[in-house]
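Only this structure's heavy atoms are used, side chains among them; waters, hydrogens and symmetry mates stay out.
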Amino acid sequence: MFPALISLLVLGVLVIVHEAGHLVVARWAGVRILRFSIGFGPRLMTFTRGHTEYAISAIPLGGYVKMSGEQHTEHHVPKPWDYLAKPPGTRAAIIFAGPFVNYLVAFLSLWTVYLIGYPELLPVVGKVLDDMPAQAVGLAPGDHIRAINNRPIHTWDELTAAVYASPGRPLSLRVESHGAARTV
């Protein structure tokens, strides 16, 4: 349930950002927005501001921006605020804005993670199980593994990769415990 909720939340953010890109550029171009909807199907909540109805709909797997004059009909006289009354370059910019904003958000998110970093597990022994190699060499809870075969280890992922890379072979561990270093 929890991963599904997180997935739905992330998808919701992507949809909102994408559709907001279309909305902002269409408004900038002078196109009248009739509806801005997050989700499809029956509308659950709506409010109107100006000419635009904002809606949250029942099926949260996308969204849409409905613009005035999107479809050409015989009896419709184009108005200056209609989508199809705009030049092709402007219409292309409106269409391109959604995916562009998604790429921009992805770039900024990765850049933020790069600047801030993300947490990694340290190579610190937690529980030592009976009759396992860790117990046989004298590792104890709280021991910090600093190197394997003289190769520095900084994260738990590096530790497991080094152990899996040498199956059945003895390893030399440099361990720090309560400020004292030893080799096992």
- Query: Can you list the steps and then say if Leu14 with Asn102 is a side chain to side chain contact (heavy atoms under 4.5 Å, CB included)?
  - Reply: CA-CA 7 Å; Leu14 291 174; Asn102 282 127; 3.9 Å; yes
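Side-chain atoms of Ser68 and Asp82 include a donor-acceptor pair closer than 3.5 Å. For the residue pair Arg35/Tyr64, the side-chain donor-acceptor check at 3.5 Å is satisfied. Judged by distance alone, the side chains of Arg32 and Thr52 never bring a donor and an acceptor atom under 3.5 Å apart.
The heavy-atom pair separating Ala97 from Gly21 by the smallest distance is CB-O, 3.2 Å.
No donor-acceptor distance shorter than 3.5 angstrom exists from the side chain of Asp143 to the backbone of Val125, with no hydrogens or angles considered. At distances below 3.5 Å, not a single donor-acceptor pair connects side-chain atoms of His51 with backbone N or O atoms of Leu34. Ser37 places a side-chain N or O within donor-acceptor distance of the main-chain N or O of Gly39, the cut-off being under 3.5 Å. With hydrogens and angles disregarded, a donor-acceptor distance shorter than 3.5 Å links the side chain of Ser7 to the backbone of Pro3. For Glu158 (side chain) and His154 (main-chain N/O), a donor-acceptor pair under 3.5 Å exists by modelled atom type.
Applying the salt bridge (charged side-chain N to carboxylate O under 4.0 Å, His left out) rule to pairs touching residues 103-130 yields nothing, sequence neighbours excluded.
Residues Ile116 and Tyr114 fail the side-chain proximity criterion, which asks for heavy atoms closer than 4.5 Å. Between Leu84 and Arg91 the shortest side-chain heavy-atom distance falls below 4.5 Å.
A salt bridge is absent between Lys66 and Glu53; no separation between the charged side-chain nitrogens and carboxylate oxygens falls under 4.0 Å.
Atoms OG and CG, from Ser109 and Leu104 in turn, are 9.0 Å apart once rounded to the nearest 0.5 Å.
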